[in-house]
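For clarity, every value in this text was computed on a predicted model and none was experimentally measured. Side-chain atoms are counted along with the backbone in the values below, which use heavy atoms only and exclude waters and symmetry mates.
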Amino acid sequence: IAAATVSKTGTISSVGGLKIPPVDAFIAGYQFCAKKLKPAIVTLNGYSQDFVAQDKCKEVALNQIGQNSDVVFQVAGQCGLGAITAAGESDAWGIGVDADQAFLGTQVLTSATKKVDAGVTQTIKLVKDGKFKGGVDGLFNVKNGGTVTLELPATRAPGRALYIAAVLVAVGFVALLVLLRGVQRR
C-alpha cells in the first residue's frame, strides 16, 4: 500500500532473487495490497537469479524504472541492495526487505521486516514446554511477534495510518499463504 500511495506514475515493481515460495509470498502480498488500494496500478516483477550480486538486481530495477516504475521493492537479500541503489540514482522509491534498510538512503520508503529471532524463541519455548509438533509449518505473524511493521515517517509518504493498516493486511495475506501451504501438505 505504501508503494501505491506514493507512486506518481501508477507503476510499481519488485525484484526477486529467485522464483521460490518465500520470495513469491512477499511479492504477492505487495502486489495484492497495491491493487486493493489502486486497482489500475501496473505491477512489474523480475528476478535476478541471484541473492548476492548487487549489479544483477540493479540492472533488473533499472529496466523496471525504465518502464515507468517509481517504486521498487527488493526481495533479493544482498543482491537487492543494488535495486535500492538503482532507485536512489533514478529518483524513485525503494522498499527494503528482511531488516530496516532505511540506513541505505532517503530513497528507502520503508522495509518489509521479519523477526526470525522471535520464531526461533517461540519454537524453543514449544520444545521446552513439550508442545512442539514436528512436520508442520509454524505461523509467525504480527499478532505473535513473528513480524513487525515499521513506522513510516510522515516526511516519507502521505496516509501513514492507511499504510500501517495495509501492512497488517499484507502480513496477514503472507501468513495465510504460509498456513495454506501447511494445509496442502497434510
Side-chain angles (χ1 to χ4, degrees), residues 1-51 54-77 79-98 100-102 104-105 107-114 141-142 147 149-150 152 156-181:
I1 298 269
T5 301
V6 301
S7 178
K8 290 181 171 47
T9 65
T11 300
I12 62 171
S13 61
S14 51
V15 177
L18 294 172
K19 186 166 180 43
I20 57 176
V23 171
D24 288 344
F26 269 106
I27 292 169
Y30 172 71
Q31 293 177 344
F32 175 83
C33 289
K35 289 201 173 274
K36 278 297 209 185
L37 181 67
K38 292 185 179 175
I41 200 160
V42 175
T43 58
L44 306 174
N45 186 50
Y47 296 90
S48 64
Q49 305 308 319
D50 201 300
F51 283 109
Q54 293 181 28
D55 59 318
K56 292 180 181 180
C57 283
K58 183 176 181 180
E59 182 180 344
V60 173
L62 288 172
N63 285 336
Q64 294 171 338
I65 292 166
Q67 295 175 62
N68 221 20
S69 174
D70 58 354
V71 184
V72 180
F73 177 34
Q74 79 95 346
V75 190
C79 178
L81 301 180
I84 300 290
T85 299
E89 292 175 358
S90 304
D91 200 30
W93 289 107
I95 298 177
V97 77
D98 296 334
D100 183 0
Q101 295 183 329
L104 295 170
Q107 77 273 22
V108 178
L109 176 61
T110 191
S111 297
T113 64
K114 56 187 174 188
N141 54 31
V142 172
T147 190
T149 57
L150 296 178
L152 184 65
R156 296 227 177 142
R160 182 171 160 237
L162 175 61
Y163 164 73
I164 290 171
V167 167
L168 295 175
V169 169
V171 169
F173 179 75
V174 171
L176 176 62
L177 289 176
V178 171
L179 182 62
L180 289 175
R181 187 173 145 258

Taking atom [atom1] of [X] and atom [atom2] of [Y], what is their separation to the nearest 0.5 Å?
X: Ile41; Y: Ser7; atom1: CD1; atom2: OG; value: 4.5 Å
X: Phe32; Y: Leu37; atom1: CZ; atom2: CG; value: 12.0 Å
X: Gln101; Y: Gln107; atom1: CD; atom2: CD; value: 10.5 Å
X: Ile12; Y: Lys35; atom1: CD1; atom2: NZ; value: 8.0 Å
X: Leu18; Y: Asp50; atom1: CG; atom2: CG; value: 7.5 Å

query: Could you walk me through whether Val72 and Val15 pass the side-chain contact (heavy atoms from CB on, under 4.5 Å) check?
result: CA-CA 7 Å; Val72 180; Val15 177; 3.9 Å; yes

message: Restricting to salt bridge (charged side-chain N to carboxylate O under 4.0 Å, His left out), what partner residues turn up for Lys38, sequence neighbours left out?
response: none

task: Apply salt bridge (charged side-chain N to carboxylate O under 4.0 Å, His left out) to Asp70 and list each qualifying residue two or more places apart in sequence or on a separate chain.
output: none

Are [X] and [Y] packed together at the side-chain level, in the sense that at least one heavy-atom pair is separated by less than 4.5 angstrom?
X: Phe51; Y: Ile20; result: yes
X: Leu62; Y: Ser90; result: yes
X: Val75; Y: Tyr30; result: no

message: Could you go through Glu59 and Asp55, starting from their C-alpha distance and side-chain angles, then the distance that decides it, and tell me whether this counts as side-chain contact (heavy atoms from CB on, under 4.5 Å)?
response: CA-CA 6 Å; Glu59 182 180 344; Asp55 59 318; over 6 Å; no

Measure across [X] and [Y] and return the closest heavy-atom pair with its distance rounded to 0.1 Å.
X: Val97; Y: Ala76; value: CG1-N, 4.3 Å
X: Leu44; Y: Gln31; value: O-NE2, 4.2 Å
X: Leu109; Y: Val6; value: CD2-CG2, 3.7 Å
X: Ile84; Y: Val108; value: CG2-CG2, 3.7 Å
X: Ser13; Y: Ser69; value: OG-OG, 2.8 Å
X: Ile65; Y: Ala86; value: CD1-O, 3.9 Å

query: Gln64 side chain to Ser14 main-chain N or O, any donor-acceptor pair under 3.5 Å?
result: yes

- prompt: Between Tyr47 and Asp24, does any side-chain donor sit less than 3.5 Å from a side-chain acceptor?
  reply: yes

- prompt: For Thr85, which residues count as a side-chain contact (heavy atoms from CB on, under 4.5 Å) partner, sequence neighbours excluded?
  reply: Lys58, Glu89

